[in-house]
Asker: 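Have a look at this one before I ask anything.
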There are 2 protein chains.
Amino acid sequence: MQFDSLDDVRSFCRDLPAGDSSAADAAARRQQMLTKPPGSLGRLEELAVWLARWQGREIPQLERVTIAVFAGNHGVAARGVSAYPQAVTEQMVANFARGGAAINQIAGLAGADLLVVPIELARPTRDFTATAAMDADEFLSAVDIGYRTVPPDSDLLAVGEMGIANTTTAAMLCAALLGGGAGQWAGRGTGVDDAGLARKRAAIEAGLGRHRALSGDPLAIAAALGGRELAAIAGAVLAARANQIPVLIDGFVATSAIVPLTRLDAGMLDHCRAGHVSAESGHRALLRELGLNPLLDLDMRLGEASGAGVAILLLRAALACHAGMATFAEAGVSGADE
Amino acid sequence: MQFDSLDDVRSFCRDLPAGDSSAADAAARRQQMLTKPPGSLGRLEELAVWLARWQGREIPQLERVTIAVFAGNHGVAARGVSAYPQAVTEQMVANFARGGAAINQIAGLAGADLLVVPIELARPTRDFTATAAMDADEFLSAVDIGYRTVPPDSDLLAVGEMGIANTTTAAMLCAALLGGGAGQWAGRGTGVDDAGLARKRAAIEAGLGRHRALSGDPLAIAAALGGRELAAIAGAVLAARANQIPVLIDGFVATSAIVPLTRLDAGMLDHCRAGHVSAESGHRALLRELGLNPLLDLDMRLGEASGAGVAILLLRAALACHAGMATFAEAGVSGADE
């Protein structure tokens, strides 16, 4: 295993690999020379410099783009918190395998390899309202799966998830780690009705009471609340950091999965960008809390890395301009106020 | 010429072609059957239905995508309203021809044909602070160029512009047609300094005084204020409507070019979407005024159809999902609350 104990994870997070400032500086200088008013490509410029920093190249590349979608099942689903039966997690994994889901189409368009990793779907995590969803070994095992899923030569990683009831787990994690209570973080997920939303809030309040003793230990909280796919996302984000791979985070669930890591080191998200802000009600507040400015705001709330997948297209646009544009000198174009 | 008089334009706008409601309804029904919670792809769903409406096909296509960039020069440039010399308009047209500009890279990525149309660059429109920028014939000639630029078999049109000083003309048009004065609409364009911004505002105030008598006649105002590339954009948008081609509008200047048409018929923009909201200060207010919700908000302010060009990628994502996803029945996935 990549990490044999929670302390191993903590040690890694205390000494995170840094980006390549000289590559970032070179990329920023290049942007100033391209045939456009300085700054006029806005976030496309910033994205090119960010890719340069994490890839360690003045002109980054997007040849091997990996989309990783982790799937898991949740004991808390038994509390009636989702509009869909738990069987849908496995059915959707089969749909991914056959190429029928949204992320299959988006991955194809974005030129990305789609890796779908179901994690013990037949063995849901335990219901966190009654007990710990996972013990430390189960948690580390899921983190390890996520870590090992990321091809070390990826130029970019987009992470997402599938798991019936996992917006409940995500809201639970946010409430436990960031405060604010169930009301701030519980949304309608796939489209739960008012009664379902009330059950979701009640489950989160019960979980807060049950696991209060863990507050102050973010990794213990992540294990106690689940789910396996969220732990795997955390592992994938750590693998990306270890291998200098920039990361696009998907929606509310994927973002919540990284919150425990952010409590260990404030610079944890430097190699990450939020692909989009989801319509799921807690996501905008969560991104603000983490200081992430989403690339897209398209009212999407599907998960399965769909928002991050679409955001890959923006990185391709940023890179196309960064790599392909002529400089003022090459093009014989006058600069400002000449 | 497509339009022999301003009255011909007015007549066209009084009897605008409608979209295909049955194709739109069929597309909306298809969206409900795809393997995702209803509505969970957000604006990607709405975009697929919108494309269906204007192409008249349940499953739209994006085989022939046209980006049209019109270039013009402006007499008001002599008022010192830009950070760049007027020669840059022609230099950038040459850069487009050689493939060195941002829009070349974006068009290549988006699979679009780029049509660059310089319009009498050696003959700038007249300075609107002193006289009418164009007479009716000059205006109609530029509208005609725009109209004829659009291949009638295009599946999608993105419109943009290049023209030193044209954010001044754009702000002037907005002030004349929407009120609010120079302060509301004048921004820094390519990056003018405080003194330049003051000159820009003064030019707009002077233009408001000089052309006050035209208020109430949007096309006469469009002619009197210029520029040729803005008139061509209006012509291209009319050609798209005549040929049932959906349109992505670029930034502040391109949007302002369509404002005169919107004053003639409230449904003028039904076949249009705002590709992005620009960092140019007046654009957000202008989009709000027109009821347009931009697809992207990336702090871009380059023009040359760059924002609309990037938004083509979002339409490709919308279409990929709409056309390629499996239905619940095909995939054997359970629906909600089964």
Side-chain angles (χ1 to χ4, degrees), chain A residues 34-44 46 83-85 87-88 91-92 94-95 98-102 104-106 108-110 189-191 193 279 295-304 306 309-310 313-314 316-317 320-321 323-327 330-338, chain B residues 34-44 46 83-85 87-88 91-92 94-95 98-102 104-106 108-110 189-191 193 279 295-304 306 309-310 313-314 316-317 320-321 323-327 330-338:
Chain A
L34 301 177
T35 44
K36 58 182 172 53
S40 62
L41 280 176
R43 294 199 71 187
L44 297 189
E46 186 270 332
Y84 289 80
V88 166
Q91 291 166 355
M92 282 302 297
N95 196 26
R98 281 192 306 264
N104 297 102
Q105 323 314 316
I106 292 167
L109 180 67
T190 51
D193 60 16
L295 294 171
L296 292 167
D297 184 358
L298 293 172
D299 211 28
M300 295 168 69
R301 52 179 173 80
L302 175 58
E304 68 184 51
S306 55
V310 175
L313 301 171
L314 301 187
R316 290 206 180 275
C321 292
M325 284 177 72
T327 64
E330 287 166 358
V333 173
S334 308
D337 293 321
E338 283 187 10
Chain B
L34 301 177
T35 43
K36 58 182 171 53
S40 63
L41 280 176
R43 295 199 72 187
L44 297 188
E46 187 270 332
Y84 289 80
V88 167
Q91 290 165 356
M92 282 302 297
N95 196 27
R98 281 192 306 263
N104 298 101
Q105 323 313 317
I106 292 167
L109 180 67
T190 50
D193 60 15
L295 293 171
L296 292 166
D297 184 358
L298 294 172
D299 211 28
M300 296 168 69
R301 53 179 172 80
L302 175 58
E304 66 184 52
S306 55
V310 175
L313 301 170
L314 302 186
R316 290 204 180 277
C321 293
M325 285 177 71
T327 64
E330 287 166 357
V333 173
S334 307
D337 294 318
E338 282 187 7

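Just so it is clear: chains get the letters A, B, ... in the order the sequence lines come, proteins before strands, and each one is counted from 1.
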Asker: Could you state the interatomic distance from CG (A:L44) to CD (B:Q105), rounded to the nearest 0.5 Å?
Answerer: 12.0 Å
Asker: Could you work out, with side-chain hydrogen bond (donor to acceptor under 3.5 Å, both in side chains) as the rule, every residue matching A:S40, not counting sequence neighbours?
Answerer: none
Asker: Do you know which of B:A320, B:A110, B:A323, B:G108 has the most heavy-atom pairs under 4.5 Å to chain A?
Answerer: B:A320
Asker: Taking the side chain as every heavy atom from C-beta outward, state whether B:D297 and A:L296 have any pair of such atoms under 4.5 Å apart.
Answerer: no
Asker: Which atom names give the shortest non-hydrogen contact between B:S334 and A:P85, and what distance separates them?
Answerer: CB-CG, 4.0 Å
Asker: Counting heavy-atom pairs under 4.5 Å to chain A, which of B:R301, B:R43, B:M300 comes out on top?
Answerer: B:R301
Asker: So which part of B:A87 gets closer than 4.5 Å to some heavy atom of chain A, the side chain, the backbone, both or neither?
Answerer: neither
Asker: Side chain from CB out, backbone as N, CA, C, O: work out which of these in A:R316 comes under 4.5 Å of a heavy atom of chain B, or both, or neither.
Answerer: both
Asker: I'd like to verify something: which residue of B:L295, B:L314, B:I106 has the highest number of heavy-atom pairs under 4.5 Å with chain A?
Answerer: B:L314
Asker: What pairs with A:D299 under side-chain hydrogen bond (donor to acceptor under 3.5 Å, both in side chains), at least two apart in sequence or on another chain?
Answerer: none
Asker: Could you tell me which portion of A:A279 (side chain, backbone, both or neither) has an atom closer than 4.5 angstrom to a non-hydrogen atom of chain B?
Answerer: neither
Asker: So which heavy atom on B:P37 is nearest to which on A:Y84, and how close?
Answerer: CA-OH, 3.3 Å
Asker: Let me know if A:L109 has heavy atoms under 4.5 Å from chain B in its side chain, its backbone, both or neither.
Answerer: side chain
Asker: Check A:L313 against B:A317 and note the closest heavy-atom contact, atom names and distance.
Answerer: CD1-CB, 4.3 Å
Asker: Does any heavy atom of chain B fall under 4.5 Å from the side chain of A:N95, the backbone, both, or neither of them?
Answerer: side chain
Asker: So, does A:Q91 use its side chain to make a donor-acceptor pair with the main chain of B:A331 at under 3.5 Å?
Answerer: no
Asker: Side chains of B:L298 and A:L41, heavy atoms from C-beta outward: is any pair under 4.5 Å?
Answerer: no
